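Proteins come first, then strands; the chains are lettered A, B, ... in the order of their sequence lines, and each starts at number 1. Remember, predicted model here, so these are calculated numbers, not experimental data.
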Amino acid sequence: MSDVTLNAAAASPEAAPRAAPVTSTGTVAWLRANLFSSWINTAVSLALAYLLVRWTIGFIDWAFINAIWTVPMQGNVPQTQACRALEGSGACWAVIGEKHRFILFGTYPYEEHWRPLLVCALFIALYVVSAMRRFWSWVLIPIWVGTLTLIGVLMWGGVLGLSYVPQERWGGLPITLILSTFGLAFAFPLAVLVALGRRSKLPAIKTLCVLYVELVRGVPLISLLFMASVMFPLFLPEGMNIDKLLRAQVAITLFAGAYLAEVVRAGLQTLPRGQYEAAEALGLSYWHKTGLIILPQALRLVIPPLVNTFIGFFKDTSLVLIIGIFDLLTAGKTAIVEPAWQGFGIEVYVFVGAIYLVFCFAMSKYSQDLERDLNQHRRR
Amino acid sequence: MGDTIETEGRFASAMRADAPPAIVLQDVNKWFGALHVLRDINLTVATGERVVVCGPSGSGKSTMIRCINRLEQHQQGKIMVDGIELSDDLRSLDAIRREVGMVFQSFNLFPHLTVLENCTLAPIWVRRMPKKEAEELAMEYLERVRIPEQAKKYPGQLSGGQQQRVAIARALCMKPKIMLFDEPTSALDPEMIKEVLDTMVMLAETGMTMICVTHEMGFARQVADRVVFMDRGEIVESGEPEALFSDPKTDRLRLFLSQILRGH
Ligand SMILES: Nc1ncnc2c1ncn2[C@@H]1O[C@H](COP(=O)(O)OP(=O)(O)OP(=O)(O)O)[C@@H](O)[C@H]1O
Ligand SMILES: [Mg+2]
């Protein structure tokens, strides 16, 4: 079905075989055609341009021209009177300069901050390597296992002369990256299996998968996190205690898995039955058929909703604040609890928001490229 | 296991001793819900025989040949392919599917793989053939269906006739003993039908056992050893093409032939 629409879309440019007249190309022509083609278009374009210019100027004034970049210190207490005197007409970036290490790394021991910093760098390196198609093979598995182990060693310490840092003191960006990376790394294979299971001919497997998806999807993530942090320990034998972060991780993984499973299932459903039949007629086994024919096509079709869900979960990890885990956003909120910095939330949220934006935008951009490259066979 | 061998033995003695039949359908019945789509089908296809199946739309032709490689499951009766009885046993199913190639009306090529990859996939993964060998084999068959120059393209970049020839090459790469065709030319524009039929004629000349659902009467006359006419789930008539077409015994076949001829 989607084939038809895609082909139709691809065919339409071919419908105009002659080259466009020279007078209709170029910037001026483009502007005339797209922004000023009629008086109503012209009016809308001008109004929007006016607003855009005003807001841009206003933002530049606030963020750069009127902004205060540093404040004097008296002992340990920052003197923020100058910032308060601005009364919101300019940004007080001094709060970021003063608090950025707390926002990024939470209550992790100050002199050990190089460790979470290295962890973040390792995560980013891991993403970059995994994104490159020439590494798409079995080598990725040892790379991931190795990097994630190294990350664990760096965060916990206690070996190789690194001092031990209990999980309660971790915070900030590493927490966000840990929760989302581990979460999606486990949730995605889980989702594929559940999606396949929902289409299984075996009633037991099918029922199990349907139950899982419907139950997990039917409750808010917050309540799942609560259950993981409060109720889960009740079921464990006396004295046994699973790390709080791990419990949150499990809850997030299960939740993401249910959502991703539905996305994958949508992809499986769009494949015509002939693809299954052709694979079967060639004698391919179930797993060969699934791994070589069905999934490669189904997953390509759902790259946009898949990445949409990924991005959503990257941001949803911030909900762990309700069970007392210090992710990036919580660290940002806590940073401005100090009396001297109270009232400078906007600057902090802009800073934290920018970090989220960088990661999400990278995901989104990458998915567009991936979609274009992997669906080349659809173009003529 | 012993069971199969025994049935095979019993069976072989019932047939001509020299050539064991490639396919045997014995009192096969099948229902889709309440719809009785196959009624007491009896059909024996000898090794090397070429059978054309025709009949009006909805008469169960596709269902019958899809039962032979178990894309559909029959509910009553017995189907033997290459001496192996079709059952729920997965190992016998794998064995049969390796020996039976199928070509579909809508080609069903894998759009995300190149033409060459389409052809090498099953030899590599099912027959465990080394990649290089599989590619050489695929090129050999692509040359035989006369499209070696398209090997690196994706199916979506080919014409319908070319796609169907790739589908034939893909099935042949598994070196099947039997080929099933389900209306291989019905989805094609008239000018492409000939190139596919020529490929099939060429294949028939190699002595391949073929069952072919088609309404191409010219093709049936040229290559078929036998034409089977189906209607409403039954085999109504069967015989040599000339005899069947020129002298239909039943009204149903007469009606069908008149409609086909009017259509052409
Ligand atoms: N999966 C299915 N579920 C239910 N009914 C089916 C299914 N497949 C086929 N049928 C029905 O079974 C009957 C026989 O179908 P079949 O496809 O075998 O006919 P055919 O002779 O191949 O017809 P055509 O020339 O149109 O391809 C038809 O009435 C069809 O509607
Ligand atoms: Mg049919």
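Contacts with chain B (heavy atom to heavy atom, under 4.5 Å) involve these residues of residues 282-300 of chain A, listed by number: A:L282, A:G283, A:L284, A:H288, A:L292, A:I293, A:P296, A:Q297, A:R300. Contact residues of residues 252-263 of chain A toward chain B are absent (heavy-atom distance under 4.5 Å).
Annotation for A:R134: atom CZ does not count as buried by contact number, only 12 or fewer foreign heavy atoms lying within 6.0 Å. By the neighbour-count criterion of 12 heavy atoms within 6.0 Å, atom CZ of B:F32 is densely surrounded, having more than that number from other residues, nucleotides or ligands. Under a cut-off of 6.0 angstrom, the local environment of CH2 in A:W136 is crowded, with over 12 non-hydrogen atoms contributed by other residues, nucleotides or ligands. In A:F186, the CZ atom is not crowded: 12 or fewer heavy atoms of neighbouring residues, nucleotides or ligands sit closer than 6.0 Å.
Ranking B:Q105, B:M102, B:R170 against chain A, the residue ahead of the rest is B:R170, based on heavy-atom pairs under 4.5 Å. Put simply, of B:Y154, B:F107, B:W125, the one with the most heavy-atom pairs under 4.5 Å next to chain A is B:W125. Listed options B:H112, B:R98, B:E99 were ranked by heavy-atom pairs under 4.5 angstrom with chain A; first place goes to B:H112.
Judged by distance alone, with hydrogens and angles left aside, the side-chain atoms of B:N69 form no donor-acceptor pair with the main-chain N or O of A:A281 at under 3.5 Å.
Contacts of B:F104 with chain A are made by side-chain atoms alone, with heavy-atom separations under 4.5 Å and no backbone atom involved. Using a 4.5 Å cut-off between heavy atoms, B:L109 contacts chain A through its backbone alone, with no side-chain atom that close. In this structure, no portion of B:E117 lies under 4.5 Å from any heavy atom of chain A.
Nearest approach of B:F110 to A:A278, heavy atoms of both residues: CE2-CB, 3.9 Å. Smallest separation of non-hydrogen atoms from B:R97 and A:E280: CD-O, 2.9 Å.
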Criterion side chain to side chain contact (heavy atoms under 4.5 Å, CB included) on A:E277 and B:R66, from CA distance to verdict: CA-CA 10 Å; A:E277 290 178 348; B:R66 287 157 58 89; 2.7 Å; yes
